[in-house]
Number of protein chains: 2
Amino acid sequence: MVRDADVYNQRCPSRSVLEHITSRWGVLVLGILLAGTQRFSELRKGIGGVSEKMLAQTLQTLERDGLVLRKAYPVIPPRVEYSLTPLGLEAARRVAELASWSELNLSKVLDARQTYDAQS
Amino acid sequence: MVRDADVYNQRCPSRSVLEHITSRWGVLVLGILLAGTQRFSELRKGIGGVSEKMLAQTLQTLERDGLVLRKAYPVIPPRVEYSLTPLGLEAARRVAELASWSELNLSKVLDARQTYDAQS
DNA sequence: CAGGATCCAGTACGATACTG
DNA sequence: CAGTATCGTACTGGATCCTG
């Protein structure tokens with residue numbers, strides 16, 4: 001099966017990396033992993049609002065791209081730890097800048113929205 | 001109508017700003033506007049692969065957030081120019097860093113993907 | 001030319017149930 | 001605990017047609 005997205009990304013492959021990083025949950029996963037190694041359930045709590053499915057999927061994508069390191073311990077109950085690779089750390093730092101910027105400027109954006117909504 | 005996304009963003013409003021900026025087309029629009037003022041059709045060509053609908057929608061969202069300035073000239077045929085506001089410029093710069101980072105490190109990511117795919 | 005309106009397909013996503 | 005599998009739905013986003 002060939003999806004449009006694949007064709008699209010063949011034309012510009014770096015977009016696919018960027019889209020993984022900037023994906024809804026990707027941003028948050030990278031952000032929270034900046035704080036250090038985390039277990040699956042810790043990530044879920046830390047992010048809030050992610051389903052297990054999406055978290056697992058996001059982590060797999062980021063692991064495949066070499067941004068996240070997955071370490072599974074063969075014990076019962078299972079224990080899996082996620083952390084940033086050096087490459088992932090670089091990406092996460094930049095994402096974090098963007099995230100903190102938007103927090104910092106949130107009020108300006110909200111003002112702009114009010115102005116915009118008022119006159120239309 | 002109340003969407004889940006709205007409820008979700010009420011819990012953490014700054015996420016909504018971040019999501020607009022990091023949205024699939026938002027990233028690209030901000031990136032291309034760094035080069036300067038552009039008309040609607042120029043943006044479409046410059047980005048490549050956007051439908052008119054999504055471009056218009058993205059531009060409206062960014063305009064509402066005070067990141068993009070829309071200037072419409074009352075002539076026939078219509079002429080509308082888009083540019084970055086000072087706030088938008090700040091955001092765009094950070095996004096551009098992320099974008100150029102992912103281009104620069106594309107090969108590393110592709111290597112990681114190969115390794116990952118090979119062993120599973 | 002710059003979009004708005006409409007329609008529709010594919011996808012993303014969440015809920016639930018299940019397993020090692 | 002850390003997932004996978006399956007299912008159903010809401011939404012995204014593209015195609016098309018239309019207008020000032």
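A note on names: the letters A, B, ... follow the listed sequences, proteins ahead of strands, and every chain is numbered from 1. All figures in this text were calculated on a predicted structure; none of them were measured in a lab. Computed over heavy atoms, backbone and side chain alike; hydrogens, waters and symmetry mates excluded.
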### Query
Atom CD1 of B:Ile76 to atom P of D:dT19: distance rounded to whole Å?
15 Å
### Task
Using side chain to side chain contact (heavy atoms under 4.5 Å, CB included) as the criterion, list what pairs up with A:Gln57, not counting sequence neighbours.
A:Lys53, A:Met54
### Query
For D:dC1, does either OP1 or OP2 sit under 4.0 Å from a side-chain N or O belonging to A:Tyr82?
no
### Message
Nearest to the A:Pro78 side chain among D:dC1, D:dG3, C:dC1, which nucleotide is it?
### Response
D:dC1
### Summary
For A:Ser23, the side chain to side chain contact (heavy atoms under 4.5 Å, CB included) test, sequence neighbours excluded, returns none
Which donor-acceptor pairs under 3.5 Å do side chains of residues 98-107 of chain A form with protein atoms, sequence neighbours excluded?
| unit_1 | atom_1 | unit_2 | atom_2 | d |
| --- | --- | --- | --- | --- |
| A:Ser100 | OG | A:Ala96 | O | 3.2 |
| A:Ser100 | OG | A:Glu97 | O | 3.1 |
| A:Trp101 | NE1 | B:Glu90 | OE1 | 2.8 |
| A:Ser102 | OG | A:Leu98 | O | 3.4 |
| A:Ser102 | OG | A:Ala99 | O | 2.8 |
| A:Asn105 | OD1 | A:Lys108 | NZ | 3.4 |
| A:Asn105 | ND2 | A:Trp101 | O | 2.8 |

#### Entry: Nearest-angstrom distance from the residue atom CZ of A:Arg44 to P of D:dA2
11 Å
### Message
Going by the rule side chain to side chain contact (heavy atoms under 4.5 Å, CB included), which residues pair with A:Ala72 if we only count those two or more places apart in sequence or in a different chain?
### Response
A:Arg70, A:Val80
### Task
Measure from CZ on A:Phe40 to P on D:dC1 and round the result to the nearest Å.
11 Å
### Task
Please list, by residue number, the residues of residues 53-75 of chain B whose heavy atoms come closer than 4.0 Å to an atom of DNA chain C; answer none if no residue qualifies.
B:Lys53, B:Gln60, B:Arg70
### Query
Can you tell which of C:dG3, D:dG20, C:dC13 lies closest to the side chain of B:Val80?
C:dG3
### Query
How bent is the helix from C:dC1-D:dG20 to C:dG20-D:dC1, comparing axes over its five end pairs at each side, to the nearest 10°?
50°
### Message
One pair to check against side chain to side chain contact (heavy atoms under 4.5 Å, CB included): A:Leu30 and A:Leu84. What are the steps and the verdict?
### Response
CA-CA 8 Å; A:Leu30 290 175; A:Leu84 292 172; 3.8 Å; yes
### Query
Roughly, in whole Å, what's the span from CH2 in B:Trp25 to C1' in C:dG3?
18 Å
### Task
Could you check how far CD1 of B:Ile47 sits from P of D:dG14, rounded to whole Å?
11 Å
### Query
B:Arg39 side chain N/O closer than 4.0 Å to the phosphate oxygens (OP1, OP2) of C:dC1?
no
### Summary
Whole-Å distance, B:Gln38 CD to C:dC1 P, equals 16 Å
### Message
Using heavy-atom distances to pick each residue's nearest nucleotide on DNA chain D, tell me which of B:Pro77 and B:Ser51 is more 5'.
### Response
B:Ser51
### Query
Does anything in residues 30-51 of chain B pair up under salt bridge (charged side-chain N to carboxylate O under 4.0 Å, His left out), and if so which pairs, sequence neighbours excluded?
B:Arg44-B:Glu52
### Nucleotide D:dC1, atom P - distance to CG of A:Leu43 in whole Å
14 Å
### Query
Applying salt bridge (charged side-chain N to carboxylate O under 4.0 Å, His left out), which residue pairs with at least one partner in residues 79-88 of chain A are found, sequence neighbours left out?
A:Arg79-A:Glu81
### Task
Mind calculating the distance between CD (A:Glu52) and P (D:dG3) to the nearest angstrom?
10 Å
### Task
Would you list the pairs meeting side-chain hydrogen bond (donor to acceptor under 3.5 Å, both in side chains) in which at least one residue belongs to residues 60-69 of chain B, sequence neighbours left out?
A:Arg113-B:Asp65, A:Asp117-B:Arg64, B:His20-B:Asp65
### Query
Between B:Trp25 and B:Ile47, is any pair of side-chain heavy atoms under 4.5 Å apart?
yes
